[in-house]
Amino acid sequence: MEVAVNHLQPGPDGRAAVYTKHLKGIETEHPVGATVLVVGGGGRCHAIVDALSRSPQVGKIYCAPGNAGIAAQAECVPLKDTQVEQLRDFALEKGVDLTVVGPEVALAAGITDAFTAAGLRIFGPTKAAAVIESSKDFAKQLMAKYNVPTAAYRTFEDYNEALEYVSKGPFPVVLKYDGLAAGKGVVIPETLEEADHTLRDMLLDDKFGKGKVVVEEFLTGPEFSFMCFVDGERVWPMALSQDHKRAYEGDKGPNTGGMGAYSPLPFITEEDREYAMEHIMKPVASAMVKEDRPFKGVLYGGLMKTPSGIKVIEFNCRFGDPETEVVLPLLKTDIYDIFSAVADGSAMPEIKWEQKSSMGFVMASKGYPGSYEKGFPIEGLEDALSDPEVRIYHMGTAVKDGKTVTSGGRVLMVIGSGDTLLQARDRALTAVDKIRCDNLFWRRDIGWRVL
Ligand code: AMP
Ligand code: GLY
């Protein structure tokens, strides 16, 4: 296959003026700026597409598969995030200059390896580095080896051995399935009976797949998300954030993909942040290099401020969802420069953040995270967006008969920004109240512990 060659000629304002591509022998003139492909289709990818569209260097954005909201800012491509070869061929055919990957499944499927082998620039870790998320056992072993603070643990493959260990207590105990389980692989039983039931599901009945179980000490304290841009040993922090995983107000009900988030975090001091950077994020990036799995992309630390210090709950190998939706609107630096510096291993500009607060509310289909119906029309979106301090990122929407309709469990995220978290919240909730749809519910108490 012939590889695309891009000729960028700087214009008078420093941006690319003429963009000629030689592709399979055909010469075409493209509009000003770089062509970017974003892989994924939820609220997180909408936030990435929105940040890219603020870059003067970006001319064309494709998003695969995207959604109805993303379609206003990018050309949606009907390819799934795991169709790695088709995505690679698409990027070659369209002369894509940079690809940014949202979901972990694509990274665990080796999208970065496939793109790199084809000479394509991509932002996201290789399959070998993505194991920091796809294998809880790998992450725990890495932390033990490099003295990174985390909960005590043991890994089991055998049901009887696991049960014997767990039966000695204490309870609650944390049971984690060792593999990607879409956020549903963690169970925290209060009794031996419940623990036995979960161990049977995970180790005897393969309800989650064929894998191991990590048994962890139960920690307490507020959780927070520390996302960093990482290129090998180089680590740059993003604004801190917290998400709310439970479905109902007061942090009650079943776990979800996240019902809201906010940034910054009043309960994390500058000292805490410094500690997390120096004792967790930087040592882990450097450990990955030593293990011959250099990490490039976003390293997400799911951390907890426990009575005995900050400890790691989990690592993810990608932007958090819904944290990205509240963090990226605060980014002042051109995100295309950041992605390029990581992808190319080149100089990073100083990364600047708005000294503002951001809070987002997820509007979900009634029934979520259980079963729910789709196809309900959504109205009032334009009115809700009339406040310039409000953003709406689509999580699960589609277009039917020219109307935006619900098409997923989580449907929209409405984000407000302001000088304080209270201001951000009030702006977001005012916008939420302008949206009309018969089948949505949402929590109004995001950030309740700090407001
Ligand atoms: P994870 O997928 O590893 O982030 O786990 C999902 C959720 O389970 C976390 O956000 C925590 O609320 C909880 N959790 C995981 N590990 C622990 C632990 N060791 N102690 C207490 N809670 C935990
Ligand atoms: N918000 C948690 C995650 O992205 O995994």
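Whatever order the structure lists them in is the order used to number ligands and atoms, beginning at 1.
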Quiz item: Within 45° of the axis and under 6.0 Å from the centre of the six-membered ring of Tyr62, does NZ or CZ of Lys60 qualify?
Solution: yes
Quiz item: Is any side-chain N of the basic residue among Arg44 and Glu323 closer than 4.0 Å to the acidic one's carboxylate O?
Solution: no
Quiz prompt | Test item: Gln73 and Ile61 side chains (from C-beta on) under 4.5 Å apart, heavy atoms | solution = no
Quiz item: What are the two closest non-hydrogen atoms of Pro294 and Asp292, and how far apart are they?
Solution: CD-C, 3.3 Å
Quiz prompt | atom 2 (C) of ligand 2 - nearest protein heavy atom and its distance | solution = Tyr300 OH, 3.3 Å
Quiz prompt | Whether Thr150 lies under 4.0 Å from ligand 1, heavy atom | solution = no
Self-check item: Distance filter under 4.0 Å to Gly320 heavy atoms, resulting ligand 2 atoms
Solution: 4 (O)
Quiz item: Considering only heavy atoms, does Arg44 approach ligand 2 within less than 4.0 Å through its side chain, its backbone, both, or neither?
Solution: neither
Quiz item: Mind checking whether Asp243 has an N or O less than 3.5 Å away from an N or O of ligand 2?
Solution: yes
Quiz item: So, is Leu219 polar-close to ligand 1, with some N/O to N/O distance under 3.5 Å?
Solution: yes
Quiz item: Is it true that Asp387 and Arg427 make a salt bridge, defined as a side-chain N closer than 4.0 Å to a carboxylate O?
Solution: yes
Exercise. Describe, in one word, how the ring planes of Phe319 and Phe229 are oriented to each other, choosing from parallel (under 30°), tilted (30 to 60°) and perpendicular (over 60°).
Key: perpendicular
Quiz item: So does Glu389 pair up with Lys356, basic N to acidic O under 4.0 Å?
Solution: yes
Self-check item: Phe218: numbered ligand 1 atoms lying under 4.0 Å from its heavy atoms
Solution: 20 (N), 21 (C)
Quiz prompt | Close-contact set for ligand 1 against Val174 heavy atoms, below 4.0 Å | solution = 16 (N), 17 (C), 18 (C), 19 (N), 20 (N)
Quiz item: So which bit of Asn255 gets within less than 4.0 Å of ligand 1, heavy atoms only: side chain, backbone, both or neither?
Solution: neither
Practice problem: Could you list which atoms of ligand 1 come closer than 4.0 Å to a heavy atom of Lys245? | Solution: 10 (O)
Practice problem: Determine whether the side chain, the backbone, both or neither of Glu217 has a heavy atom under 4.0 Å from any heavy atom of ligand 1. | Solution: backbone
Quiz item: What protein heavy atom sits nearest atom 5 (O) of ligand 2, and how far off is it?
Solution: Arg318 NH2, 2.9 Å
Exercise. Check each atom of ligand 2 against the heavy atoms of Asn316 and keep those under 4.0 Å away; list them by number with element.
Key: 3 (C), 5 (O)
Practice problem: Output, in order, the C-alpha distance, side-chain angles, deciding distance and verdict of side-chain contact (heavy atoms from CB on, under 4.5 Å) for Ile446 and Met359. | Solution: CA-CA 8 Å; Ile446 301 308; Met359 189 177 285; 3.9 Å; yes
Quiz item: Between the side chains of Lys140 and Thr150, is a donor N or O closer than 3.5 angstrom to an acceptor N or O?
Solution: yes
Quiz item: For ligand 1, which atoms, with element, lie under 4.0 Å from some heavy atom of Lys136?
Solution: 1 (P), 2 (O), 3 (O)
Quiz item: N/O of Lys245 under 3.5 Å from N/O of ligand 2, yes or no?
Solution: no
Practice problem: Measure from NZ or CZ of Arg425 to the centre of the six-membered ring of Tyr262 and say whether it is under 6.0 Å with the direction within 45° of the ring axis. | Solution: no
